[in-house]
Amino acid sequence: MTTTAHGYAAPSADAPLAPFTFARRDCQPDDVAIDILFCGVCHSDLHTARGEWGGTLYPCVPGHEIVGRVSAVGGDVTNFAVGDVVGVGCMVDSCGQCASCREGEEQYCETTGFVGTYNGPDPVLGGHTFGGYSDRIVVKEGFVLRIGHDAQDLAAVAPLLCAGITTYSPLKHWKVGPGHKVGIVGLGGLGHMGVKIAAAMGAEVYVFSTSPGKRDDAKRLGATDLIVSKDEEAMAAHTGTFDFILNTVAASHSLDPLLMLLKRDGTMTLVGVPEEPHPSPSVGALVFKRRAIAGSLIGGIAETQEMLDFCRDHGLTADIELLAMKDIEQGYDRMQKSDVKYRFVIDMATLDK
């Protein structure tokens, strides 16, 4: 059995998102049905809807930063009840059996791969999954997160389900904390959360940006200062002083100037995925200081819940601008121009049915 859902979908790579009616499954025994209140707008939504990464399945309903209220639960559900405020992030299923899944790292599922909240294979209805640019969603209990923030913060919590965990996971994995000097490359949807979380972890945080005008904002968010990455003298003043650098920029650029800022055994972790590869880094910059370049992909469900609790306890949410559903294409255009501080969030009360 299915229930009718309403949302916005991209019918093709070159067509704007438009109203779309589709089917959601009814609750199975281990399912949670959610009325969506807010959905963050991730750059991945734009890339996927416009076919920029390839492999998009149309019609495409994007959205994987979802906050909503439970409307129904299956008979086997024990952790959630009708009325609870919950979240759904970038994945809604995985094999559950491989080493990564058993260790709570479902994002690295080694057999089927994780099932994306949108544009993934729908294991129940067939076809592909539809995301959070819609009025409702049905998700397995094991992929639903509990939201503990105050009600007035719910819109600003939504981006934590992707931007928050994408930055929290590597900062935690590389054990960022007091006494560490940490750099955040880029001050956008990901970067601004990286600054907030790293500062809350007790690190001394610096932002690297090509825009000196973002200095005041960087400091407001918790950074000690902003370093203009095109200023060779300013960069040289910090040579060999950083313990960890989190690179959130999703555009191809030389990594060498940033690598030179790392201490011996320092690591730069990439979370931004450029359309074109970065130029190959200098081997010398790596071997003479035993520096490392690494990557990181969101986080597992347990770690995502840990991140949400950490952000609640430290009073952290995203800096957002609310967007009406009908204005999503305008939001995409502005996002491409970095004309948002720092994340659009769709208010699903604006969805016309």
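Not measured: the values here are computed from a predicted model. In what follows, every heavy atom counts, from backbone to side chain, and hydrogens, waters and symmetry copies are set aside.
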[atom2] on [Y] to [atom1] on [X], rounded to 0.5 Å:
X      : Y      : atom1 : atom2 : value
Arg25  : Met1   : CZ    : CE    : 15.0 Å
Asp327 : Leu322 : CG    : CG    : 11.5 Å
Glu110 : Ser100 : CD    : OG    : 3.5 Å
Leu262 : Thr241 : CG    : OG1   : 9.0 Å

So, are [X] and [Y] salt-bridged, with charged N and O less than 4.0 Å apart?
X      : Y      : result
Arg290 : Asp265 : yes
Asp243 : Arg264 : no
Lys219 : Asp216 : no
Asp31  : Lys140 : no
Asp319 : Lys196 : yes
Arg312 : Asp309 : yes

ask   = Does the separation of the ring centres of Tyr332 and Phe344 fall below 6.0 angstrom?
value =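 No, too far apart.
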
inquiry  = Just checking Phe242 against Phe208, ring centres under 6.0 Å apart?
reply    =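 Close enough - the centres of the two rings lie under 6.0 Å apart.
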
Under 3.5 Å: donor-acceptor pair, side chain of [X], backbone of [Y]:
X      : Y      : answer
Arg343 : Ala318 : no
Thr239 : Ala236 : yes
Thr117 : His64  : no

Are any non-hydrogen side-chain atoms of [X] and [Y] less than 4.5 angstrom apart?
X      : Y      : value
Cys90  : Leu161 : no
Tyr8   : Pro16  : no
Leu270 : Ile293 : yes
Ser296 : His173 : no
Leu308 : Arg146 : no

ask   = Where do Glu329 and Arg50 land on the salt bridge (charged side-chain N to carboxylate O under 4.0 Å, His left out) test, with the steps shown first?
value = CA-CA 11 Å; Glu329 287 291 334; Arg50 294 185 174 174; 2.9 Å; yes

Where is the tightest heavy-atom contact between [X] and [Y], given as atom of each residue plus distance?
X      : Y      : answer
Leu246 : Pro170 : CD1-CG, 3.7 Å
Met348 : Tyr133 : CE-CA, 3.5 Å
Lys263 : Gly240 : CG-O, 3.3 Å
Ser209 : Leu226 : CB-CD1, 3.8 Å
Val77  : Asp30  : CG2-C, 3.8 Å
Pro281 : Leu259 : CB-CD1, 3.9 Å

query = Does the side chain to side chain contact (heavy atoms under 4.5 Å, CB included) test come out yes or no for Asp333 and Gln330, once each step is laid out?
reply = CA-CA 5 Å; Asp333 291 342; Gln330 177 186 338; 5.7 Å; no

How about [X] and [Y]: does a side-chain donor come under 3.5 Å of a side-chain acceptor?
X      : Y      : value
Glu105 : Gln107 : yes
Glu306 : Tyr168 : yes
Asp26  : Thr3   : yes
His192 : Asp217 : no

task = Please report the C-alpha distance between Thr78 and Val73 in whole Å, then the side-chain angles of each, then the deciding distance to 0.1 Å, and finally whether the side chain to side chain contact (heavy atoms under 4.5 Å, CB included) criterion is met.
result = CA-CA 9 Å; Thr78 59; Val73 297; over 6 Å; no

inquiry  = Between Val85 and Leu154, is the side chain to side chain contact (heavy atoms under 4.5 Å, CB included) condition met? List the steps.
reply    = CA-CA 9 Å; Val85 177; Leu154 294 183; 3.8 Å; yes

request  = Could you please spell out the steps behind the salt bridge (charged side-chain N to carboxylate O under 4.0 Å, His left out) verdict for Arg24 and Asp135?
outcome  = CA-CA 10 Å; Arg24 295 284 195 196; Asp135 58 353; over 6 Å; no

query = Quick one: side-chain hydrogen bond (donor to acceptor under 3.5 Å, both in side chains) partners of Glu321, sequence neighbours excluded?
reply =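 Glu321 satisfies side-chain hydrogen bond (donor to acceptor under 3.5 Å, both in side chains) with Arg334 only.
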
message = Over 60° means perpendicular and under 30° means parallel, so tell me whether Phe22 and Phe20 are parallel, tilted or perpendicular.
response =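 Because their plane-to-plane angle is under 30°, the rings of Phe22 and Phe20 count as parallel.
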
task = Cation-pi check, Lys181 to Tyr206: give yes when NZ or CZ is under 6.0 Å from the six-membered ring centre and within 45° of the ring axis, no otherwise.
result =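 Relative to the ring axis of Tyr206, which defines the angle, Lys181 lies inside both limits.
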
ask   = Taking only residues two or more places apart in sequence, or in another chain, which ones meet Ala198 in a side chain to side chain contact (heavy atoms under 4.5 Å, CB included)?
value =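 Residues passing side chain to side chain contact (heavy atoms under 4.5 Å, CB included) with Ala198: Leu171, Val182, Val205.
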
